[in-house]
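Each chain gets a letter, A, B and so on, in the order the sequences are listed, and its residues count up from 1.
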2 protein chains.
Amino acid sequence: MSKCEQCIVRQFNSLKHLSKEELLRMSNCKTSKIIKKGEILFDEGEHINGVFCIKDGVCKVSKMSDNGRNQIVSLIQKGDLLGERSLISDEVSNLKAVALNDMEICFIPKDEIIRDLQKNNNFTMSVLKDMASSLKTADNLIVDMAQKTVKQRLAETLLHLETKFSTNTDGNINIQLSREDIANVIGTATESAIRLLSDLKKKKVIEFKGKDIKILNRIALEKMATGF
Amino acid sequence: MSKCEQCIVRQFNSLKHLSKEELLRMSNCKTSKIIKKGEILFDEGEHINGVFCIKDGVCKVSKMSDNGRNQIVSLIQKGDLLGERSLISDEVSNLKAVALNDMEICFIPKDEIIRDLQKNNNFTMSVLKDMASSLKTADNLIVDMAQKTVKQRLAETLLHLETKFSTNTDGNINIQLSREDIANVIGTATESAIRLLSDLKKKKVIEFKGKDIKILNRIALEKMATGF
DNA sequence: GTAAAAACCTGATAAATATCATATTTTAAA
DNA sequence: TTTAAAATATGATATTTATCAGGTTTTTAC
């Protein structure tokens with residue numbers, strides 16, 4: 001069993017505020033897992049009963065709409081925590097998480113986290129700050145979804161993906177999303193997403209080969225995203 | 001200066017977890033204010049520097065989109081706290097709050113709240129739970145905005161308004177929103193909102209006179225909201 | 001390597017929604 | 001009370017987006 005204290009990933013999230021003893025206890029009760037691409041970390045309606053700490057890989061977090069369409073509400077990557085919300089509100093998850101590539105995760109049981117939240121105020125405040133930050137992001141997303149066109153949302157999403165996942169040596173954005181995933185991020189039909197991507201390619205704003213997408217003209221995308 | 005300890009409103013939010021001494025200190029540093037209909041509690045980009053506790057009245061919380069359109073992200077009423085998010089993340093507000101009717105509020109300065117957050121774990125956990133609950137609501141709203149039609153969102157909003165603000169003796173929903181406000185809640189053009197409301201009236205699903213709206217057929221609205 | 005499945009793409013069309021124009025009603029102000 | 005302003009309403013039209021239908025390409029499984 002690997003030691004949480006020596007885990008570099010911990011530095012990227014609220015777990016960095018835990019003491020040596022707290023980390024030791026966590027090492028003893030956590031479980032490490034490999035999750036293959038396409039596998040489900042948890043589903044809507046499930047009791048999660050703990051928190052996932054993402055050591056490697058990326059997953060999509062989504063929710064089914066009443067109309068039977070899937071909306072991706074966030075993309076979670078190395079260093080992120082996942083599942084605190086359900087844990088804190090003590091409810092079943094309203095979201096589903098699916099691995100976009102092979103992942104390495106640690107699962108920390110609920111009781112351990114709750115204990116730390118009650119004992120370690122620095123940790124609690126850090127979780128609180130994360131939650132506040134997520135709430136701000138969520139509010140902004142609500143406004144975008146409600147007020148922006150699909151084209152604007154696509155432009156914004158491409159910029160956001162490049163910022164969040166950065167680019168590899170070829171200049172491609174470091175995440176592999178299917179056209180359907182992209183459509184489910186921006187909230188549109190898959191065909192619409194495909195069409196708009198093709199338009200952007202034709203206009204030399206982006207280029208792509210399969211799932212590898214490269215932004216050629218960031219300025220143009222920024223103008224598009226803000227509506228000018 | 002009124003005593004927080006005797007204030008009934010406190011029972012409805014996280015402040016109920018404060019001790020007698022904490023409440024006494026709060027009473028001494030808080031300020032009470034009357035805010036007239038249409039007045040701004042705080043604007044986008046402002047440092048809020050504290051938390052509002054709503055003693056009476058309702059306000060709309062909104063954000064400007066890049067396209068120059070306003071999106072209402074929540075409606076805050078008696079008993080709610082407002083402004084914790086900005087306070088916790090220590091940022092200027094990304095939202096604007098405007099009174100929908102005459103309001104009575106208490107403003108508790110930042111330092112006082114921060115002190116309580118650091119000293120009183122029950123209080124912190126309660127704020128954390130509130131935040132988790134808001135986050136869930138926000139995620140659901142993202143999905144609705146992205147995946148539902150304007151008609152579905154209107155149906156859902158009407159149901160939600162009735163649940164949240166309940167009805168008066170005439171059966172009208174206990175909140176006065178302009179057609180523009182309603183449009184800004186569901187994320188559509190004012191004309192579209194007006195048109196759809198008229199449709200619902202014609203179909204005897206609702207009736208209204210000016211801003212007084214009454215739901216006549218809740219089942220029909222529920223079906224509409226979920227897409228059947 | 002091949003077959004089947006899945007993903008991707010494009011066109012045609014329909015449906016939803018925004019926009020513009022203008023009329024009416026309600027509210028606020030003088 | 002009268003007038004001006006704001007809010008509400010409705011029609012006509014343009015734009016955006018979804019849906020359906022049919023392709024091609026890529027991936028997966030054997």
*asked:* Categorize A:T190 for me: base, sugar-phosphate, or nothing, with a 4.0 angstrom heavy-atom threshold over every strand shown.
replied: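 Nothing, no nucleic acid heavy atom in range.
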*Under 4.0 Å between any heavy atoms, over every strand shown, what does A:S198 touch: base, sugar-phosphate, or nothing? Just pick one.*
sugar-phosphate
*Could you tell me whether the side chains of A:N70 and B:Q147 share a donor-acceptor contact shorter than 3.5 Å?*
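Note: A:N70 and B:Q147 side chains miss the donor-acceptor criterion.
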Figure out the [atom1]/[atom2] separation between [X] and [N], and round it to whole Å.
X	N	atom1	atom2	value
A:E191	D:dT24	CD	C1'	15 Å
A:D212	C:dC8	CG	P	12 Å
B:I182	C:dT17	CD1	P	17 Å
B:K37	C:dA28	NZ	C1'	11 Å
B:L154	C:dT17	CG	C1'	14 Å
A:I186	D:dT17	CD1	P	9 Å
A:N67	D:dA18	CG	C1'	12 Å
B:Q176	D:dT8	CD	C1'	15 Å

*asked:* Does a side-chain N or O of B:S192 approach OP1 or OP2 of C:dA16 to a distance below 4.0 Å, or not?
replied: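 For B:S192, the contact criterion (side-chain N or O under 4.0 Å from OP1 or OP2 of C:dA16) is not met.
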*When you check the phosphate oxygens OP1 and OP2 of C:dC8, does a side-chain N or O of A:K211 lie under 4.0 Å from one of them?*
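Result: yes.
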*asked:* Heavy-atom count check: over 12 atoms from other residues, nucleotides or ligands less than 6.0 Å from B:K60 NZ?
replied: yes
*Decide if atom NZ of A:K33 counts as having more than 12 heavy atoms of other residues, nucleotides or ligands within a radius under 6.0 Å.*
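It does not: A:K33 NZ has 12 such atoms or fewer within range.
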Which one, [options], comes nearest to the side chain of [X]?
X	options	value
A:S178	C:dC8, D:dA18, C:dT17	C:dC8
B:I194	C:dC8, D:dA18, D:dA9	D:dA9
A:R179	C:dC8, D:dT10, C:dA18	C:dC8
B:R195	D:dA12, C:dT17, C:dT10	D:dA12
B:V150	C:dT17, C:dC9, D:dA18	C:dT17

*Mapping A:T188 and A:K209 to their closest nucleotides on DNA chain D, which lands nearer the 5' end?*
A:T188
_Can you work out whether A:L196 or B:K202 has the more 5'-proximal nearest nucleotide on DNA chain D?_
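Result: B:K202.
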_Polar side-chain contact A:R153-D:dT17 base: donor and acceptor under 3.5 Å_ =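 Not at all, since no donor on one side and acceptor on the other fall under 3.5 Å apart.
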*Less than 4.0 Å between a side-chain N and a carboxylate O, is that true for A:R153 and A:D144?*
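The answer is no: the pair does not qualify as a salt bridge.
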*Hey, is A:D90 close enough to A:K110 for a salt bridge, meaning N to O under 4.0 Å?*
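Looking at A:D90 and A:K110, the cut-off is met.
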